[in-house]
**Q** 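Quick one: the structure is below, questions incoming.
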Amino acid sequence: MSARVHVVGAGLAGLAAALSLAEAGRAVTVYEAGPAAGGRCRSYFDRALGLTIDNGNHLLLSGNRDTFAYLAEIGTADALAGPAEPVFPFLDLRDGARWAVRPNRGRLPWWVCSPGRRVPRTRAADYLRLLGLRSVTDDRSVAEAVPAGPLYERLIAPLAIAALNTPTDIGLARLLGAVVRKTLMAGGAACLPRFPRAGLSAAFVDPALSRLAARGAVLRLGRRIAALTITGGRATALHLPDGDVLLGAGEAVVLAVPPWIATDLLPGLSAPDEFQAILNVHFRQNAVSGFVGLIGGTAEWVFVKDGYVSVTISAANRLLDTPAEALTATVWPEVCAALGLGDIAMPAWRVVKEKRATFAATAAQERRRPGPRVGIANLALAGDWTATGLPATIEGAIRSGRRAAQVILVA
């Protein structure tokens, strides 16, 4: 029997690590403090809506290689839907202008020369600013790195806020540059928008759990790790409320928990300690499937799913104290405008506020992101908050889990 690896946390980082370890022949136990796996990427039944909904919205791009490799591994490569061509529809709520950004599939970006494919009131030369993002290596914010103008206001700022979940005046430009290099600057073939056909759990979580079970992995839900014992530079015990788990020779730990839990378990660990909220507003409403980016309102992205419409508001610390009723009263007319629903009564709704959805993607917080190795011989860190080179995204979470597994396998 191979030495067991104890994966603490069953979000996507923990699941990715567990899959890599199990596929390499290691015995794996996954501990999850909550009642379900998936972390911030899961589905659940909402009684107010009478529907199974995703706890948040995630727009993936075909250039997210680690994500699509993960889906291929668990057999759900076809679980994502989206248009056959790269297209990003927008509506400016201030003047009613509608347009769609339509990159061509190849790497040579001739689309910027076509007025019908680019942002209104922009010129082809304006898009050189996107090229500039690729080479930013200092601590400038997005607002400092990209000049103001229609391109910034109607494309770069919305993409930056969505990718970084941080206001553009403090959001780190080089993190956005890392996203741009792998997607928009890689050609339209890397920019195909994708979203789950039947929900996040069906695409990312349940098949992963099935594959882990088939490899003999053990999942323990409702098991919070209260403390770790570190002896002689090694993790030697996990302390749970219902008893201790002693680690034998060769056993290891992947710690795939949020940063505030990691710092509790590993005192002295440098980790992000400032966070940004995401608000999601779900309405029970049927509409034609797709998504729309909104400019000039409170809602930023509107996603049409199976039986409901879901709105995302990123970098939403400013709205945390807004009553849910006031928020829905503001957002519902924007949804109606985006989807052409007319002036119809607001349906049943649910507001979900994630107060610490991601770390704040600032220069100061970026310096606090640790790598997978933390000086403990048989322990590795995973999570989208670790030093992945990307913002806190699904792609970053999966990448971190793979890296943590590799650290354990070569130790």
Side-chain angles (χ1 to χ4, degrees), residues 40-60 88-101 153-155 157-168 171 193 195-196 199-200 275-358:
R40 298 196 313 274
C41 182
R42 61 183 174 81
S43 310
Y44 69 95
F45 182 79
D46 186 275
R47 293 185 179 181
L49 299 178
L51 295 168
T52 296
I53 65 173
D54 295 332
N55 66 333
N57 297 308
H58 298 272
L59 179 63
L60 297 153
F88 298 85
F90 286 92
L91 165 65
D92 194 324
L93 292 164
R94 297 167 299 185
D95 61 9
R98 289 184 182 269
W99 68 94
V101 174
E153 182 181 352
R154 288 184 158 185
L155 180 61
L159 293 181
I161 293 173
L164 305 183
N165 190 38
T166 303
T168 56
F195 33 82
L200 291 169
F275 305 95
Q276 286 285 331
I278 293 177
L279 303 188
N280 291 287
V281 187
H282 309 288
F283 298 97
R284 185 183 177 103
Q285 179 67 45
N286 291 311
V288 178
S289 64
F291 69 98
V292 181
L294 299 181
I295 309 295
T298 298
E300 293 165 351
W301 296 91
V302 178
F303 296 88
V304 179
K305 303 189 177 185
D306 186 13
Y308 69 105
V309 173
S310 190
V311 169
T312 293
I313 307 169
S314 300
N317 286 3
R318 70 194 187 281
L319 296 173
L320 281 175
D321 294 330
T322 302
E325 293 78 5
L327 189 64
T328 54
T330 298
V331 167
W332 177 244
E334 297 176 351
V335 171
C336 291
L339 303 179
L341 299 177
D343 186 17
I344 64 173
M346 187 190 310
W349 52 266
R350 168 73 72 189
V351 174
V352 179
K353 298 182 179 182
E354 293 186 77
K355 294 182 178 181
R356 294 187 287 189
T358 71

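The shown structure was predicted, so the numbers you read here are calculated from the model rather than taken from an experiment.
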**Q** Would you please test Trp332 and Val309 for side-chain contact (heavy atoms from CB on, under 4.5 Å) and show each step?
**A** CA-CA 10 Å; Trp332 177 244; Val309 173; 5.6 Å; no
**Q** Please report the shortest heavy-atom distance between Tyr308 and Ser310, naming the atom on each side.
**A** CE1-CB, 4.0 Å
**Q** Nearest 0.5 angstrom please: Arg154 CZ to Asp92 CG, how far?
**A** 4.5 Å
**Q** Indicate the atoms forming the closest heavy-atom contact of Leu59 with Pro193, along with that distance.
**A** CD1-CB, 3.9 Å
**Q** In Å and rounded to the nearest 0.5 Å, what is the NZ to CG distance from Lys353 to Leu279?
**A** 6.5 Å
**Q** Rounded to the nearest 0.5 Å, what separation is found between the NE2 atom of His282 and the CD1 atom of Ile53?
**A** 4.0 Å
**Q** Return the OG1 to CG distance between Thr166 and Asn317, rounded to the nearest 0.5 Å.
**A** 9.0 Å
**Q** Is there a side-chain contact between Glu325 and Val351 in this structure, where contact means two heavy atoms from C-beta onward sitting under 4.5 Å apart?
**A** no
**Q** For Val311, which of Thr328, Val335, Thr298 qualifies under side chain to side chain contact (heavy atoms under 4.5 Å, CB included)?
**A** Val335
**Q** For Arg94, does the CZ atom sit with more than 12 other heavy atoms under 6.0 Å from it, leaving out its own atoms?
**A** yes
**Q** Flag the pair Val352 / Asn55 as yes when at least one side-chain heavy-atom distance between them is below 4.5 Å, and no otherwise.
**A** no
**Q** Within a strict 4.5 Å, meaning less than it, do heavy atoms of the Lys305 and Pro196 side chains meet?
**A** no
**Q** With rounding to the nearest 0.5 Å, note down the distance linking CG in Asp306 to OG1 in Thr52.
**A** 9.5 Å
**Q** Any idea which heavy atoms bring Gly56 and Leu200 closest together, and the distance?
**A** O-CD1, 3.7 Å
**Q** Would you call the rings of Trp99 and Phe90 parallel, tilted or perpendicular, taking 30° and 60° as the class edges?
**A** parallel
**Q** Work out which heavy atom in Trp301 is nearest to a heavy atom in Pro158; give both atom names and the distance.
**A** NE1-O, 4.1 Å
**Q** If we only count heavy atoms from C-beta on, is the Gln285 to Leu341 side-chain gap below 4.5 Å?
**A** yes
**Q** Within a radius of less than 6.0 Å around CG of Asp343, do more than 12 heavy atoms belonging to other residues, nucleotides or ligands occur?
**A** no
**Q** Can you give me the closest heavy-atom contact between Val292 and Ala338, atom names plus distance?
**A** CG2-O, 4.3 Å
**Q** Does any part of the side chain of Ile313, heavy atoms only, come nearer than 4.5 Å to the side chain of Arg318, both counted from C-beta?
**A** yes
**Q** Can you label the angle between the Phe303 ring and the Phe291 ring as parallel, tilted or perpendicular, going by 30° and 60°?
**A** parallel
**Q** Between Ala48 and Ala348, what is the shortest heavy-atom contact and its length?
**A** O-CB, 4.0 Å
**Q** Find out whether Ile278 and Arg40 are in side-chain contact, i.e. whether some heavy atom of one side chain is under 4.5 Å from a heavy atom of the other.
**A** no
**Q** Can you find a heavy atom in the side chain of Leu93 that is under 4.5 Å from one in the side chain of Glu334?
**A** yes
**Q** Please step through side-chain contact (heavy atoms from CB on, under 4.5 Å) for the pair Val304 and Val288, ending with a clear verdict.
**A** CA-CA 7 Å; Val304 179; Val288 178; 5.9 Å; no
**Q** Do the side chains of Val331 and Phe283 get nearer than 4.5 Å, heavy atoms only?
**A** yes
**Q** Kindly compute the distance separating CD1 (Ile344) from CG (Leu339), expressed to the nearest 0.5 Å.
**A** 9.0 Å
**Q** Walk me through it: do Phe275 and Thr358 pass the test side-chain contact (heavy atoms from CB on, under 4.5 Å)?
**A** CA-CA 6 Å; Phe275 305 95; Thr358 71; over 6 Å; no
